[in-house]
K.L.:
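Please see the structure below; I have some questions.
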Amino acid sequence: MFGWLRRSPRKNLETRYAQKLEQARDAQRNGNIQGYAQLMTEAASLLQEIDGLPESNQETST
């Protein structure tokens, strides 16, 4: 009934992925290469989760 109110898990993961990439970029710019590597590893695992989810039929990308 209220399915349109729920946020898709794919959208949530994509948001978290983008945040991890930004955090990794900031860590790299600050010279924290170990932190950068850890954040990129976490971002890669999020990307694998995103790729494992089925495509949403309700969202259209233009």
Side-chain angles (χ1 to χ4, degrees):
M1 180 173 169
F2 291 104
W4 56 274
L5 288 175
R6 279 185 271 146
R7 192 166 186 184
S8 73
R10 182 178 196 84
K11 187 84 165 175
N12 185 21
L13 285 174
E14 288 173 348
T15 302
R16 288 176 46 204
Y17 176 69
Q19 290 173 343
K20 285 290 180 191
L21 289 179
E22 289 179 13
Q23 290 172 351
R25 179 202 62 206
D26 293 341
Q28 185 182 32
R29 287 183 179 175
N30 289 330
N32 184 1
I33 302 303
Q34 291 177 341
Y36 167 76
Q38 179 182 1
L39 288 166
M40 287 303 292
T41 302
E42 292 172 12
S45 68
L46 284 173
L47 185 59
Q48 287 179 343
E49 286 183 48
I50 292 170
D51 289 341
L53 291 175
E55 290 289 328
S56 175
N57 293 339
Q58 295 176 350
E59 293 181 4
T60 56
S61 300
T62 55

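The figures here come from the full heavy-atom set of this structure, side chains too, leaving out hydrogens, waters and symmetry mates. For the single chain, residues carry numbers from 1 onward in sequence order.
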K.L.:
State the CG-CZ distance between Asp51 and Arg10, to the nearest 0.5 angstrom.
P.N.:
7.0 Å
K.L.:
Please give me the minimum heavy-atom distance between Gly35 and Ala27, naming the atom from each residue.
P.N.:
C-CB, 4.3 Å
K.L.:
Residues in salt bridge (charged side-chain N to carboxylate O under 4.0 Å, His left out) with Glu42, at least two apart?
P.N.:
Lys20
K.L.:
Report the hydrophobic cluster partners of Leu21, with the cluster defined as I, L, V, M, F, W, Y residues connected by side-chain heavy atoms closer than 4.5 angstrom, directly or transitively.
P.N.:
Leu13, Tyr17, Tyr36, Met40, Leu46, Leu47, Ile50, Leu53
